[in-house]
Protein chains: 2
Amino acid sequence: MRDSELPAIRRLPLFRTMSEENFLSLTSAAYVQTFPPQVNLIEEGALPDFLHIVTEGAVEMFAGWNRRETTMAIVRPVSTFILAACIKDAPYLMSARTLERSRIILLPVGDLHSIFRRDPDFAMATVDELAACYRGVVRQTKNLKLRSARERLAAYIMRKSAEAGDAASVVLSVEKRLLASFLGMTPESLSRAMRSLQDDGAKIDGQRVIITDRAALEALARPSRLIDGPD
Amino acid sequence: MRDSELPAIRRLPLFRTMSEENFLSLTSAAYVQTFPPQVNLIEEGALPDFLHIVTEGAVEMFAGWNRRETTMAIVRPVSTFILAACIKDAPYLMSARTLERSRIILLPVGDLHSIFRRDPDFAMATVDELAACYRGVVRQTKNLKLRSARERLAAYIMRKSAEAGDAASVVLSVEKRLLASFLGMTPESLSRAMRSLQDDGAKIDGQRVIITDRAALEALARPSRLIDGPD
DNA sequence: CGAACCCTTGACAGAAATCAACTAAGGTGG
DNA sequence: CCACCTTAGTTGATTTCTGTCAAGGGTTCG
């Protein structure tokens, strides 16, 4: 593992509070691997063997049914994924694949469980992490059920802008077809929705979205702390 | 509190493993209340004050945005709700109202937190519970994004039938408009979807759904353990 | 240079929401 | 006890939204 990686992982809320001893014993058993883009890391239905951590690159969480597929999340460094499956020792509900060349740390579930059982601080941190994940998915469900595709796109742009300090222009960090799938629509619909947002204060130029009328866009997106976060 | 209630709560996975002492101290501080139908128990955006438990009746979890409203879940006895918000001490993401006359046990979050911190078994149970909740919402999201309204209805019927031991007939336990909202459609769409399922092996008769051709219905719903559970 | 692949656009089809009218059931008050 | 009112559910007509199919432009990469 690289020098910078361990501290970066240690800084994650999930690992910040646990004892140094346990942290070292957990990470010393870890595997580190670098994967090219488009490599399947985990497949839904399989049983968990490692808690995954991305330290470089990007990972897509996706799920399939009946020859259809949808993007559930995009995980960027430094983050863990599939914690819940590891905890429950139950089949993955999502698959994961690399989007770019990515470095992945793999923590064996066995070690995770044993340390989890004897380090109360780690258990607490796990509770907090899972509660946060849960709330994240609840937000996503509200977003899907309460907003139309156009509204979801507008809200996404507002959110990205807010994350960049209310920037007037945001750069899409993922392929549009991926964003479309994440937002629950087809690439064609996203393309049209983008175009139609010109009348609502947002212009698209390649990978860059320029907010031309923040008030108009906000009127459409109606951002809400209870859907779009950040808490 | 009634004689039968405490044991029933104790039997919940969340409370089963904690020490008797802590369980008694937690529940002795509890409030018990009976509410008529259509009473708002909690409102999204507010800060958590009690962990709620339904012991009788039924509770609807719902969420609103921009004059729209959607049913997120229906909670039946004996179950807890809004655990995640209590743990994180963060604003509710959902509102709750009684559907019928309901008995609700209220556990003050303060007691919850303090016992949570000193009872490792309770902390473990909380982790398990949250992981299960998380996986539940992930399933719901997959259901919404991967299946059409008709397919969701078919899957819902299959699921209800499976829960009743593959019964050929199931009784809808909630109002249709509520079911529609839960499944992410309008009452009109649900009505039409029900009717259209006659060609796919399910007939509706009032509150009762009769599965006339299980194979056909299954071909439409394509139930998957990774969406419809039970794990 | 060619072969993928992504994105866009157009035409069309299908799904689902909306608007409106009507029925039936249940509860209320005279 | 009955007329009335409210509400859930259904149905029809229509609009809106979104997906599908097909084609073409542009880019990247081997």
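Heavy-atom basis, side chains included; hydrogens, waters and symmetry copies ignored. Convention: sequence-line order gives letters A, B, ...; per-chain numbering from 1.
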Taken to the nearest whole Å, CG/A:Asp205 to P/C:dC7 is 14 Å
- Query: Under 4.0 Å between a Lys/Arg side-chain N and an Asp/Glu carboxylate O for A:Glu151 and A:Arg222?
  - Reply: no
Practice task
Output yes when at least one side-chain N/O atom of B:Ser189 is less than 4.0 Å from OP1 or OP2 of C:dA17, else no.
Solution key: yes
What orientation do A:Tyr31 and A:Phe50 show, parallel under 30°, tilted 30 to 60°, or perpendicular over 60°?
-> perpendicular
Separation of C:dC6 atom C1' from A:Leu179 atom CG, nearest Å, is 14 Å
Please examine the side chains of A:Ile204 and A:Ile210, heavy atoms only from C-beta on, and report whether any two atoms are closer than 4.5 Å.
-> no
Could a donor-acceptor pair under 3.5 angstrom be found where the side chain of A:Gln207 meets the base of C:dC7?
no
A:Leu99 CG to C:dC6 P, in whole Å, measures 12 Å
In whole angstroms, the gap separating P of C:dT8 from NZ of A:Lys203 amounts to 13 Å
A:Leu197 CG to C:dT8 P, in whole Å, measures 13 Å
Taken to the nearest whole Å, CG/B:Leu190 to C1'/C:dA17 is 14 Å
DNA chain D: first to last nucleotide in contact with chain A (atom under 4.0 angstrom from a heavy atom), 5' to 3', is D:dT18 to D:dC21
task = Answer yes when B:Glu56 and B:Arg2 have at least one side-chain N-carboxylate O distance shorter than 4.0 Å, and no when they do not.
result = yes
A:Ile204 atom CD1 is separated from C:dC7 atom C1', nearest whole Å, by 11 Å
- Reckon A:Glu175 touches a base, only the sugar-phosphate, or nothing at all at heavy-atom distances under 4.0 Å? sugar-phosphate
Would you call A:Glu69 and B:Lys145 a salt bridge, taking side-chain N to carboxylate O under 4.0 Å as the test? no
Decide if atom CZ of B:Arg68 counts as having more than 12 heavy atoms of other residues, nucleotides or ligands within a radius under 6.0 Å. yes
From CG of B:Leu183 across to C1' of C:dA17 the rounded distance in Å is 16 Å
Taking C:dC6, C:dA16, C:dT9 as options, the one with an atom nearest any side-chain atom of A:Arg177 is C:dC6
Discussion item. So, under a plain 3.5 Å distance rule, would you say the side chain of A:Arg192 forms a donor-acceptor pair with the base of C:dG10?
Written reply: yes
Review point. Do side-chain atoms of B:Thr98 reach the backbone of B:Val39 as a donor and acceptor pair under 3.5 angstrom?
Key: yes
